[in-house]
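Structure record follows, encoded as structure tokens.
Remember, predicted model here, so these are calculated numbers, not experimental data.
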Amino acid sequence: MSLETAAGTVADQIRRQEFVEVFAHHDADGIAAASILCQAMLRAGIRFRLRVRQEVRLSELGSAAAYLLCDLGAGMEDLPEDVMVVDHHLPLAERGLHVNPRLAGIDGDRELSAAGTAYIVAQELGDNRDLAGLVIPGIIGDGQQLAGKNLEIFNEGIANGII
């Protein structure tokens, strides 16, 4: 599945929610990714709560809410199928609601951060091009390169006068 197709699938799932519990990894990339998606949800009229954590435990993911994990979740094998994951780390399982550059043949260590992945999902939620600048802290925080999709997003931000 292409990255854009996966992003569209997760964006559609987000759009169907009235409220989303968002968990972000407690580093620059995770916080940037969650910031991008929370801003996109705010614009779309979707309520959310953001929690920044080092990790998420399965016991925190009940069945009463929709969950979105930013820069977290790829390494968790037993996640419920309806949990949405936007990550760039090595996935232990391929899931339907998982947007990850590695699943699309893109280098998640160097060429697309979780923030960049979140930006692609945000674009599927609406015109969120002005959020391109928030991808930069994710790239820098994870020591990634301005190459591949990271560079595409950076160039888009410059072209649109955001960066």
Closest approach of Glu124 to Ala11 (non-hydrogen atoms, all atoms of both residues): CB-CB, 3.5 Å

Taking atom CZ of Phe48 and atom CD of Gln39, what is their separation to the nearest 0.5 Å? 7.5 Å

Given His88 and Asp71, is the side-chain contact (heavy atoms from CB on, under 4.5 Å) satisfied, shown in steps? CA-CA 7 Å; His88 69 113; Asp71 201 26; 3.2 Å; yes

For residues Ala115 and Ile36, report the shortest heavy-atom separation together with the two atoms involved. O-CD1, 3.4 Å

Minimal non-hydrogen separation, Leu112 against Lys149, with atom names: CD1-CB, 3.5 Å

So which atom in Ala24 and which in Leu50 form the shortest heavy-atom distance, rounded to 0.1 Å? CB-CD1, 4.0 Å

Please identify each residue that fulfils side-chain contact (heavy atoms from CB on, under 4.5 Å) with Ile31, with sequence neighbours left out. Ser35, Val52

Using the test salt bridge (charged side-chain N to carboxylate O under 4.0 Å, His left out), find all partners of Arg57 that sit at least two apart in sequence or belong to another chain. Glu55

Sorted by chain and residue number, the salt bridge (charged side-chain N to carboxylate O under 4.0 Å, His left out) partners of Glu156 (sequence neighbours excluded) come out as none

Roughly how far, to the nearest 0.5 Å, is the OG1 atom of Thr9 from the CZ atom of Arg95? 12.5 Å

Would you say Met84 and Ile14 make side-chain contact, with heavy atoms under 4.5 Å? yes

Listed once per pair and sorted, the side chain to side chain donor-acceptor pair (under 3.5 Å) pairs that draw on residues 96-108, sequence neighbours left out: His98-Asn100, Arg102-Asp109, Asp107-Arg110

What residues form a salt bridge (charged side-chain N to carboxylate O under 4.0 Å, His left out) with Glu21, not counting sequence neighbours? Arg49, Arg51

Whichever hydrophobic residues join Leu79 through chains of side-chain contacts under 4.5 Å: Phe23, Val56, Leu58, Leu61, Tyr67, Leu69, Leu72, Met76, Val83, Val85

Can you sort out the partners of Ala6 under side-chain contact (heavy atoms from CB on, under 4.5 Å), two or more places apart, ordered by chain and number? Met1, Val99

Can a side-chain donor-acceptor contact be found between Asn128 and Gln123 if the only test is distance below 3.5 angstrom? no

Measuring from atom CG of Leu125 to atom CG of Leu37, what distance do you get when rounded to the nearest 0.5 angstrom? 7.0 Å

For Glu111 and Asn150: C-alpha separation, side-chain torsions, deciding distance, then whether side-chain hydrogen bond (donor to acceptor under 3.5 Å, both in side chains) applies. CA-CA 6 Å; Glu111 295 182 2; Asn150 283 335; over 6 Å; no

Please write out which residues are connected to Leu103 in a hydrophobic cluster, directly or through intermediates, given that two of Ile, Leu, Val, Met, Phe, Trp, Tyr count as joined at side-chain heavy-atom separations below 4.5 angstrom. none

Give me the other members of the hydrophobic cluster that Phe19 sits in, counting Ile, Leu, Val, Met, Phe, Trp and Tyr linked by side-chain heavy atoms under 4.5 Å, directly or via other members. none

Anything under 3.5 Å between a donor and an acceptor, one on a side chain of residues 129-138, the other on a protein residue two or more places apart or in another chain? List them.
residue: Arg129; atom: NE; partner: Asp127; partner atom: OD1; Å: 2.9
residue: Arg129; atom: NH2; partner: Asp127; partner atom: OD2; Å: 2.9
residue: Asp130; atom: OD1; partner: Arg43; partner atom: NH1; Å: 2.8
residue: Asp130; atom: OD1; partner: Arg43; partner atom: NH2; Å: 3.4
residue: Asp130; atom: OD2; partner: Arg43; partner atom: NH2; Å: 2.6

Using the rule that two of Ile, Leu, Val, Met, Phe, Trp, Tyr join whenever any of their side-chain heavy atoms come within less than 4.5 Å, decide whether Val121 and Leu42 are in one cluster. yes

Can you name the closest pair of heavy atoms from Val22 and Ala34 and give their distance? CG1-CB, 4.2 Å

Tell me, please, which residues at least two apart from Leu146 pass side-chain contact (heavy atoms from CB on, under 4.5 Å). Ile139, Leu151, Phe154

Does Gln17 use its side chain to pair, donor to acceptor, with the backbone of Gln13 at less than 3.5 Å? yes

Quick one: does Asp29's side chain have a donor or acceptor within less than 3.5 Å of a partner on Ala114's backbone? yes

Looking at every heavy atom in both Ser2 and Thr5, which two are closest together, and how far apart are they? OG-OG1, 2.8 Å

Any side-chain to backbone donor/acceptor pair from Asp87 onto His89? Under 3.5 Å, distance only. yes

Under the rule for side-chain contact (heavy atoms from CB on, under 4.5 Å), what residues qualify as partners of Ala104, not counting sequence neighbours? Leu3, Ile106

